[in-house]
Amino acid sequence: MDVPQDTFTWDDTRPPSSNVFRAIKDITFGSVCPRRCLFSDCTPIIFFIQIAGMVSKVFEHPFDLIKVRLQSQVLDPTARFNGPIDCLVRTWRNEGIRGLYRGLPAPVVGAMAENATLFLSYNELQSLLRRLDPHPSSQDPTLSQLALSGAGAGAITSFVLTPIELVKCKMQVQMLAPNKSTAILSTSTGYTAAATSGVASLKRNALPGPVSVFVSVIRDTGFRGLWLGQTGTLIRETGGGAVWFACKEFVGIQLIQRRAKSHGLQLERKDILPMESAFAGACAGGAYNISLFPADTVKSIMQTEEELRPRGKGVPTRSFFGTAREMYRAQGIRGFYAGCGITVARSIPSSAIIFLIYDGLSRHFTL
């Protein structure tokens with residue numbers, strides 16, 4: 001009987017195809033573990049996905065900060081920034097490199113929980129749908145099954161993401177808050193020379209960090225307040241998860257079929273090449289952000305309203321749909337896509353890296 005190559009089992013006495021992957025497996029699972037643990041097959045993949053996610057957060061954070069600042073000004077009577085380049089230049093000139101990375105700790109740490117939840121849920125939902133499917137389990141899942149798995153994984157992950165993004169967004173607009181802007185901003189040109197003064201520097205150093213922001217939210221609004229903007233995150237991640245995974249798989253399958261036809265080969269989904277994974281992931285990253293971006297804009301405005309447009313004690317916050325109506329009255333459809341271009345641009349390389357690692361490791365570890 002033929003034995004599949006590069007398949008790991010706990011009682012396997014064959015020499016592995018790669019000592020490197022054997023070492024990774026022993027370190028991750030423990031070389032003396034007598035039996036398989038829950039999710040053990042996914043653990044190495046998730047570990048490297050977490051690392052890739054953390055690195056991508058560091059790379060893309062300045063672009064994310066610009067996106068949030070552009071989104072947060074949609075309801076302002078006078079825009080602080082004229083566009084992404086203007087926002088980037090002014091932030092760099094007046095806040096330096098530290099300003100561009102304001103709020104970074106939350107998404108970097110959160111990337112571990114985010115990617116673990118997303119990919120574990122995605123794999124488990126795939127397995128569930130395939131068990132319910134009358135077709136053989138050895139058959140590749142259909143595109144609709146992958147999209148449904150992605151939607152479910154996104155919905156689950158949204159509950160992990162919302163508190164992380166709440167802290168991040170609040171920190172990213174700290175320097176724009178009214179009590180800071182009197183010394184740093186002017187209504188006509190944005191920043192003034194005071195931003196480079198010792199007073200502004202002192203204020204930057206005195207700004208609360210992620211833990212202080214987190215505790216402040218709980219103190220003011222209770223644990224429920226950590227999920228402010230959950231509706232927007234749920235819509236974005238559910239629809240976006242379906243688009244992200246389905247687009248990646250669709251483009252990847254098209255590339256595999258094209259290669260198989262040109263070379264006269266019989267290829268499967270798992271035979272995707274690294275460059276094909278990267279290109280398909282890049283397409284998925286762009287499609288994900290374009291498809292559900294308005295929901296993200298509404299969420300960002302809700303999460304930064306207390307800092308930029310305080311409503312006072314006892315005044316309830318606007319709902320998701322109430323905020324959306326205000327945005328439409330203020331700027332129409334255009335307001336829902338503030339910061340979309342720079343978000344799509346930064347998501348393309350980060351998504352390519354994540355799927356490049358995911359597909360590469362999936363060929364060596366059983367899912």
Side-chain angles (χ1 to χ4, degrees), residues 1-11 29 35-50 53 113-162 230-231 233-257 260 266-272 276-277 280-281 283-285 287-288 291-292 295 351 354-355 357-367:
M1 182 177 67
D2 294 335
V3 179
Q5 297 296 318
D6 295 333
T7 302
F8 288 15
T9 57
W10 286 107
D11 55 354
F29 300 152
R35 60 182 180 177
R36 189 184 303 271
C37 301
L38 182 65
F39 300 135
S40 60
D41 287 330
C42 294
T43 305
I45 299 175
I46 299 304
F47 172 75
F48 283 101
I49 289 295
Q50 288 175 329
E114 173 190 351
N115 289 304
T117 304
L118 181 65
F119 282 91
L120 282 176
S121 301
Y122 181 59
N123 289 326
E124 289 305 304
L125 288 171
Q126 277 190 70
S127 299
L128 175 62
L129 292 175
R130 293 172 77 172
R131 285 196 295 269
L132 298 175
D133 195 324
H135 296 93
S137 59
S138 58
Q139 183 175 322
D140 283 343
T142 64
L143 194 63
S144 60
Q145 289 176 329
L146 294 172
L148 188 58
S149 298
I156 295 170
T157 307
S158 70
F159 291 92
V160 177
L161 273 176
T162 300
Q230 171 62 28
T231 302
T233 312
L234 180 64
I235 294 172
R236 185 195 70 191
E237 292 300 314
T238 302
V243 171
W244 196 51
F245 284 108
C247 180
K248 184 270 170 185
E249 296 294 348
F250 175 78
V251 174
I253 290 171
Q254 296 303 309
L255 293 174
I256 292 171
Q257 291 177 347
Q266 286 287 340
L267 300 176
E268 299 179 0
R269 176 168 161 253
K270 62 182 178 61
D271 297 316
I272 190 168
E276 293 170 341
S277 293
C283 293
Y288 162 78
S291 59
L292 277 302
S351 182
I354 288 175
F355 276 113
I357 293 175
Y358 177 74
D359 286 337
L361 291 173
S362 295
R363 287 194 292 269
H364 296 276
F365 294 96
T366 307
L367 292 176

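Computed from heavy atoms alone, side chains included, the values below leave out hydrogens, waters and symmetry copies.
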Exercise. Below 4.5 Å, heavy atoms only, C-beta onward: do Pro141 and Leu129 meet side chain to side chain?
Worked result: no
Seminar exercise, completed: Output for pair (Arg236 CZ, Ser291 OG), nearest 0.5 Å, gives 10.5 Å
Exercise. About how many Å separate CZ of Arg269 and CG of Asp359, when rounded to the nearest 0.5 Å?
Worked result: 8.0 Å
Exercise. Can you tell me how far the CD1 atom of Ile156 sits from the CD atom of Glu237, to the nearest 0.5 Å?
Worked result: 12.0 Å
Exercise. Quick one: does Cys247's side chain get under 4.5 Å of Val251's, heavy atoms only?
Worked result: yes
Exercise. Ignoring hydrogens and geometry, is there a side-chain-to-backbone donor-acceptor pair from Ser121 to Leu118 under 3.5 Å?
Worked result: no
For this session: Take the angle between the ring planes of Phe355 and Trp244 and call it parallel below 30°, perpendicular above 60°, tilted in between.
Result: tilted
Exercise. Does the side chain of Ile272 come within less than 4.5 Å of Leu255's, by heavy atoms?
Worked result: no
Exercise. If you take all heavy atoms of Ala280 and Gly252, which pair is closest and at what distance?
Worked result: CB-N, 3.7 Å
For this session: To the nearest 0.5 angstrom, please state how far the OG1 atom of Thr233 sits from the CZ atom of Phe159.
Result: 9.5 Å
For this session: Enter the distance from Asp271:CG to Gln266:CD here, rounded to the nearest 0.5 Å.
Result: 10.5 Å
For this session: State, without any angle test, whether Gln230 and Thr162 hold a side-chain donor-acceptor pair at a distance under 3.5 Å.
Result: yes
For this session: Calculate, to the nearest 0.5 Å, the distance between atoms CG and CG belonging to Leu148 and Leu143 respectively.
Result: 11.5 Å
Exercise. Is a donor on one side and an acceptor on the other found under 3.5 Å between the side chain of Ser158 and the backbone of Ala155?
Worked result: yes
For this session: Look at the side chain of Ser351 and the backbone N and O of Gly281, then say whether any donor-acceptor pair between them is shorter than 3.5 Å.
Result: yes
